[in-house]
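Numbers for residues simply follow the sequence, beginning at 1. What you see below is based on every heavy atom in this structure, not just the backbone, and it leaves out hydrogens, waters and symmetry mates. Order of appearance sets the numbers: ligands from 1, and atoms from 1 within every ligand.
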Amino acid sequence: MVAVASTGTEEITMQSERTLVLIKPDAVQRGQIGEIVARFERRGLHPVAIKLMQVSVDIAQRHYAEHRERPFFGSLVEFITSSPVLAMVWEGPGAVAMVRGMMGATNPASSAPGTIRGDLAISLAMNVVHGSDSPQSARREVALFFADDELVEWKSAGAAWVLSES
Ligand code: IDP
Ligand code: MG
């Protein structure tokens, strides 16, 4: 579905997208699942898949493959596999960039207040949430965390009141 939204000065096409979101071990342990899920619901996105899971070292290394050569790669994999994560797929118009915006900057020290990281985190290593950085990354990451039959197709009743078709 392609929806069109007006910014007031120009029209931008907002393609319906899916994005992978992980509520990281720090946020699960701190009881922040509800807080973070509620933000995506309030914004007008809808979930296509949600599961609590223990990430394996293999999945962690594949998920963060782009950072393989970075000095923090080992500790990043250790952290994401240290305790359960809540893995989710969220859908909606422009969902990839929208979720990235809601997450805030990678380093919570410079994440704007009002963003998830800016409100809930302090440390770069424990920054509470992951979101895919492009539609292409999203497709790869969704396939890494979810089987096709775990993705549920549905239309939320609220969708018609989030984005006008005209
Ligand atoms: P992103 O999560 O905002 O996409 P990336 O640059 O893709 O940020 O980094 C992946 C994750 O690796 C970050 O969320 C953060 O937890 C961790 N990370 C990034 N840079 C550093 C660093 O310099 N030291 C330790 N951890 C880092
Ligand atoms: Mg990233």
Side-chain angles (χ1 to χ4, degrees), residues 5 12-148 150-151:
I12 50 170
T13 300
M14 292 208 292
Q15 182 80 40
S16 183
E17 293 173 342
R18 289 177 175 181
T19 190
L20 181 86
V21 178
L22 301 177
I23 298 184
K24 294 184 179 183
D26 52 333
V28 173
Q29 290 286 356
R30 292 169 65 201
Q32 294 174 335
I33 288 175
E35 160 80 34
I36 295 170
V37 167
R39 289 177 180 230
F40 298 129
E41 282 192 306
R42 286 205 301 259
R43 186 70 189 266
L45 300 175
H46 71 273
V48 168
I50 298 182
K51 68 178 169 187
L52 186 73
M53 64 182 284
Q54 177 66 51
V55 178
S56 67
V57 169
D58 177 53
I59 288 186
Q61 288 177 340
R62 286 157 65 192
H63 175 64
Y64 283 125
E66 66 174 311
H67 299 304
R68 208 181 300 110
E69 308 303 331
R70 309 284 289 278
F72 59 84
F73 183 67
S75 56
L76 179 58
V77 169
E78 200 174 316
F79 168 64
I80 207 75
T81 59
S82 63
S83 179
V85 306
L86 195 79
M88 309 182 281
V89 180
W90 285 86
E91 183 174 296
V96 173
M98 187 179 298
V99 166
R100 292 286 292 186
M102 293 173 72
M103 285 164 47
T106 300
N107 189 342
S110 47
S111 306
T115 64
I116 294 169
R117 287 165 170 165
D119 288 348
L120 304 179
I122 292 174
S123 113
L124 175 58
M126 292 188 282
N127 60 4
V128 305
V129 70
H130 166 86
S132 306
D133 63 9
S134 68
Q136 186 187 1
S137 298
R139 281 189 287 276
R140 184 184 76 82
E141 294 174 358
V142 167
L144 186 58
F145 281 85
F146 290 95
D148 282 350
E150 291 180 299
L151 304 172

Identify every side-chain donor-acceptor pair in residues 44-60 under 3.5 Å, counting partners at least two apart or on other chains, and give the distances.
from : atom 1 : to   : atom 2 : distance (Å)
H46  : NE2    : E91  : OE2    : 3.4
H46  : NE2    : W154 : O      : 3.3
K51  : NZ     : F145 : O      : 2.8
K51  : NZ     : E150 : OE1    : 3.2
K51  : NZ     : E150 : OE2    : 3.2
Q54  : NE2    : T81  : O      : 2.7
S56  : OG     : I59  : N      : 3.1
D58  : OD2    : R62  : NH1    : 2.9

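For L124, the CG atom counts as densely surrounded, since its 6.0 Å shell holds more than 12 non-hydrogen atoms of other residues, nucleotides or ligands.
Of all non-hydrogen atoms in S111 and G118, the two that sit nearest each other are CB-N, 3.4 Å.
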Which protein N or O atoms sit under 3.5 Å from any N or O of ligand 1? Give atom names and distances.
from     : atom 1 : to   : atom 2 : distance (Å)
ligand 1 : 2 (O)  : R117 : NH2    : 3.1
ligand 1 : 3 (O)  : T106 : OG1    : 2.5
ligand 1 : 3 (O)  : R117 : NH1    : 3.2
ligand 1 : 4 (O)  : R100 : NH1    : 2.8
ligand 1 : 4 (O)  : R100 : NH2    : 3.4
ligand 1 : 7 (O)  : H67  : NE2    : 2.8
ligand 1 : 8 (O)  : T106 : OG1    : 3.3
ligand 1 : 9 (O)  : H67  : NE2    : 3.3
ligand 1 : 14 (O) : K24  : NZ     : 3.0
ligand 1 : 14 (O) : N127 : ND2    : 2.8
ligand 1 : 16 (O) : K24  : NZ     : 3.3
ligand 1 : 16 (O) : L124 : O      : 3.0
ligand 1 : 16 (O) : N127 : OD1    : 3.4
ligand 1 : 16 (O) : N127 : ND2    : 3.4

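Side chains of V28 and I33 form a contact here, defined as non-hydrogen atoms less than 4.5 Å apart. Looking at V129 and M102, their side chains never come closer than 4.5 Å, going by heavy atoms from C-beta outward.
In this structure, F40 and W90 have tilted ring planes: the angle between them lies in the 30° to 60° band.
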